[in-house]
Amino acid sequence: MEYKNNSLIKEESISEFDKYLNGNNGISSQREYISSPNIVQKSSKKNLVSNVPKAIPLVIFQDGKFQIPQEAYDLLTQNDYSKIGIISLVGKYRTGKSFLLNRVILNTHKKSGFNVAPTFKPCTKGIWIWSEPLMINNKNCPYQFPCFLIDTEGLGAYVEEINHDSKIFIIAILISSLFIYNSFGAIDETAINTLSFVLNLSKLIKIKSLSHEDKEEELAEYFPSFLWLLRDFSLKLENMEGKEITEKEYLESALENKVGNSEMFDEKNKVRDLIKAYFPERDCFTMVRPVEKEDELQNLQNLPDDMLRKEFLIQAQNFRNKVYDLALPKSFHKRALNGSMLIELIQNILDSINSGAIPVIENTWKYVVQSECIKNTQNLTNKFSEEINNFRNINKKDKNFAKNVKIFTKNLYKKYINDFLNNDLIDEENKKEFLEKLKNNLNNQIDIFDKENEVIFKDNFESSLNDLSKNFLNNLSEKENKKNFNFFFEFDNFIQKAKQLCPDFPLKSDLIYDKVVEILRKYIEENVSLKNKKREEEFNKLKKENEEQKIILNELSIKSEKNENEKINEENEINKKINDVKLRIKETEKLMEDMRINKNKEEEQYKK
């Protein structure tokens, strides 16, 4: 179901906003945000509001249209406000509304606060909001909630187009949770006539359709609590019998119908009846004039407390307390609005007024709820994605990551679905439609997450598998030397242990198969290599032995040859010696023969 800008729809039979306010009758389906060098249209980059509290424009009238400046959009949407209240101050221009907000409610002094000027010209243009909310803790809400103050352009300012006041009044009525009406003096016919806007509220605001005749009590369900502040009040609060009465009783007395039969009385009573019908939750508060001297009124904002009347200061504190007690979160259809829903509500109202259409509350609410559904669905999707990614970053090195992340994702999915279903701001019709969108979004995030996780699962499993295979191979060499070693028995144990790694990892079977093939190949290669190595070692040993034998043989051969040569030499030496001996013997024999001959000769001679 789509409601894109449905609050701006026009039916052929319906009346237009400016049919009653003499405005234009055009339709604008485009939202208007101020564009300037520092203010952009719904930029994706966050333009955080300054930390220094200040008044910023919430709604301005520019180029013939009401618009929301970006700074106000950021203020209400960038903070996580689950419930938010709006206290608006409305009244005639130059009646000290800004001073009341600054010195009485905000309790600020001098230059801080909403703009105040001492001239007849109105200070506040459009609607302004104080950037720092009041933190309220009262009986209207079980816990503390932020409440923003808004200051509206004074009614009766002459510088804008004729229906400007009515539009400002309607905007303030529809967006406020507490509506403070500021006026001077007693509640008389003149004061009541200043609220004659209520006569046209049923024509300027519709609940279901422009053709439906709304009852005052039906509209009252969407209107804020009403607090009538009577400034410079000097009367005694007494009834006709002179008995003291409360401020609320004084208000109720002033709103009693006047007795008379003329049309004038009927008109006066009609305003009274509508005030009572539109604002069943109403109250009144009176305050004396803050100073006695006329010239001091023009410089109230800068006057120190000791120059203000003591009675006024007491009443200021009491009024501040009363505002805190009456403040409550802004709600529609009995559902409290958050910051982003409030800004959608304001923008939708402005769209209607800018187009000349009458704001239709039901259509506006449908649009606000649908916008909240879109935002809520996207926020839940983003948070879901962020949480599962954070879990992965923290736990991805865990060996059981695949199993744990599956459990975590399943539980987180249920949590976010329940969070969506428990959102009271979303009606059943939108819940049904956007629940399916949320489920699709979360499932898409899970698919993306699972694909990204497969890489981590694979890395974790491969790391564990590599450690297991390394230990298996290291231990294998030790077990091989033992008796009864069975490789396939050991290998089967390895496979069983591998299957127990990283439970729930769907691709581990393929990785185990690849690792098994790798180990087998490595084992075979190592065994073949080992056998080849042994053969080579044996061959080298034999080769070495053979070489050694060859060396020995060679040495023996050399030695043998050497012995043979030595033998020959010996024989030659012996032969030589023999020959020498023979020669000497021969010579000796010759010598002896010669000697014998000589002897014989000598003997013969001797004989002779």
Side-chain angles (χ1 to χ4, degrees), residues 15 17-23 88-93 95 97 152-157 162-176 178-207 212-233 235 237 239-240 245-286 326 353 358-359 361:
S15 301
F17 185 90
D18 285 331
K19 178 177 180 181
Y20 303 99
L21 298 179
N22 300 319
S88 63
L89 185 60
V90 179
K92 290 181 67 64
Y93 82 101
T95 55
K97 294 189 287 42
T152 64
E153 182 174 344
L155 304 177
I162 189 171
N163 298 313
H164 190 78
D165 288 351
S166 299
K167 295 173 182 178
I168 290 290
F169 189 84
I170 288 171
I171 295 170
I173 283 284
L174 290 177
I175 70 174
S176 300
L178 175 61
F179 185 89
I180 302 175
Y181 184 69
N182 179 63
S183 68
F184 281 96
I187 302 177
D188 53 18
E189 292 304 322
T190 301
I192 289 178
N193 285 336
T194 61
L195 282 172
S196 60
F197 292 109
V198 298
L199 292 173
N200 288 326
L201 283 180
S202 63
K203 299 176 182 178
L204 304 178
I205 303 172
K206 292 294 183 180
I207 296 177
H212 181 264
E213 188 67 29
D214 297 322
K215 296 180 179 179
E216 289 81 8
E217 56 268 23
E218 292 177 325
L219 278 172
E221 293 182 13
Y222 302 95
F223 287 177
S225 299
F226 181 80
L227 177 59
W228 196 333
L229 176 62
L230 303 175
R231 305 274 297 282
D232 295 3
F233 190 83
L235 300 179
L237 291 176
N239 60 16
M240 297 297 293
I245 59 175
T246 65
E247 293 155 316
K248 182 174 176 58
E249 289 172 337
Y250 170 71
L251 171 63
E252 297 304 318
S253 175
L255 293 178
E256 289 179 358
N257 288 352
K258 300 298 180 181
V259 178
N261 296 321
S262 67
E263 291 184 4
M264 180 182 66
F265 279 100
D266 291 341
E267 192 70 20
K268 291 179 180 179
N269 290 335
K270 187 175 182 180
V271 174
R272 287 176 166 82
D273 289 339
L274 288 176
I275 292 174
K276 290 183 287 187
Y278 287 145
F279 304 108
E281 297 294 330
R282 56 187 179 270
D283 206 335
C284 180
F285 195 89
T286 63
L326 294 178
I353 293 176
I358 295 175
I361 290 176

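To the nearest 0.5 Å, the span separating CG on Asp283 from CG on Leu326 amounts to 6.0 Å. Of the inter-residue distances, the one linking Leu237 atom CG with Ser253 atom OG reads 10.5 Å to the nearest 0.5 angstrom. Between the CZ atom in Phe223 and the CD1 atom in Ile361 there is a gap of 6.0 Å [rounded to 0.5 Å]. Rounding to the nearest 0.5 angstrom, the gap separating the CD1 atom in Ile175 from the OG atom in Ser88 is 7.0 Å. Atoms CG and CG, on Leu235 and Leu230 in that order, are 9.0 Å from each other to the nearest 0.5 Å. Residue Ile353 holds its CD1 atom at 7.5 Å from CG of Leu174, rounded to the nearest 0.5 Å.
Closest non-hydrogen pair, Ile358 versus Leu204, comes out as CG2-O, 3.2 Å. In this structure, Ile173 and Pro224 approach most closely via the heavy-atom pair O-CD, 3.1 Å. Heavy-atom minimum distance, Ala172 versus Ser176: O-OG, 2.5 Å.
Between Phe226 and Trp228, the two ring planes are perpendicular [angle over 60°; tilted spans 30° to 60°]. Using cut-offs of 30° and 60° on the angle between ring planes, the pair Phe279 and Phe179 is parallel.
By the salt bridge (Lys or Arg N to Asp or Glu O under 4.0 Å) test, Glu189 pairs with Arg272, sequence neighbours left out. Partners of Phe233 under the ring pair (Phe, Tyr, Trp, His ring centres under 6.0 Å) rule, at least two apart in sequence or in another chain, are Tyr250. Lys276 meets the salt bridge (Lys or Arg N to Asp or Glu O under 4.0 Å) test with Asp273; sequence neighbours excluded.
Without hydrogens or angle criteria, Thr152 side chain to Leu89 main chain gives a donor-acceptor distance under 3.5 Å. A donor-acceptor pair is defined here as one N or O able to donate and one able to accept, closer than 3.5 Å; no such pair exists between the side chain of Lys258 and the backbone of Asp266. Thr246 places a side-chain N or O within donor-acceptor distance of the main-chain N or O of Glu249, the cut-off being under 3.5 Å. Judged by distance alone, the side chain of Ser196 and the main-chain N or O of Asn193 form a donor-acceptor pair under 3.5 Å. In this structure a side-chain-to-backbone donor-acceptor pair under 3.5 Å is missing from Glu216 to Ala277.
Taking 4.5 Å as the limit, every side-chain heavy atom of Leu274 sits out of range of all side-chain heavy atoms of Leu201. Using a 4.5 Å heavy-atom cutoff, the side chains of Ile180 and Leu178 are in contact. Under the 4.5 Å side-chain criterion, counting only non-hydrogen atoms from C-beta, Lys268 is not in contact with Asn257.
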- Message: Quick one, Val90 with Asn182, criterion side-chain contact (heavy atoms from CB on, under 4.5 Å). Give me CA distance, side-chain angles, the key distance, then yes/no.
- Response: CA-CA 6 Å; Val90 179; Asn182 179 63; over 6 Å; no
- Residues Arg282, Leu227; criterion side-chain contact (heavy atoms from CB on, under 4.5 Å); working and verdict: CA-CA 6 Å; Arg282 56 187 179 270; Leu227 177 59; over 6 Å; no
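Atom NZ of Lys270 is surrounded by 12 or fewer heavy atoms from other residues, nucleotides or ligands within 6.0 Å.
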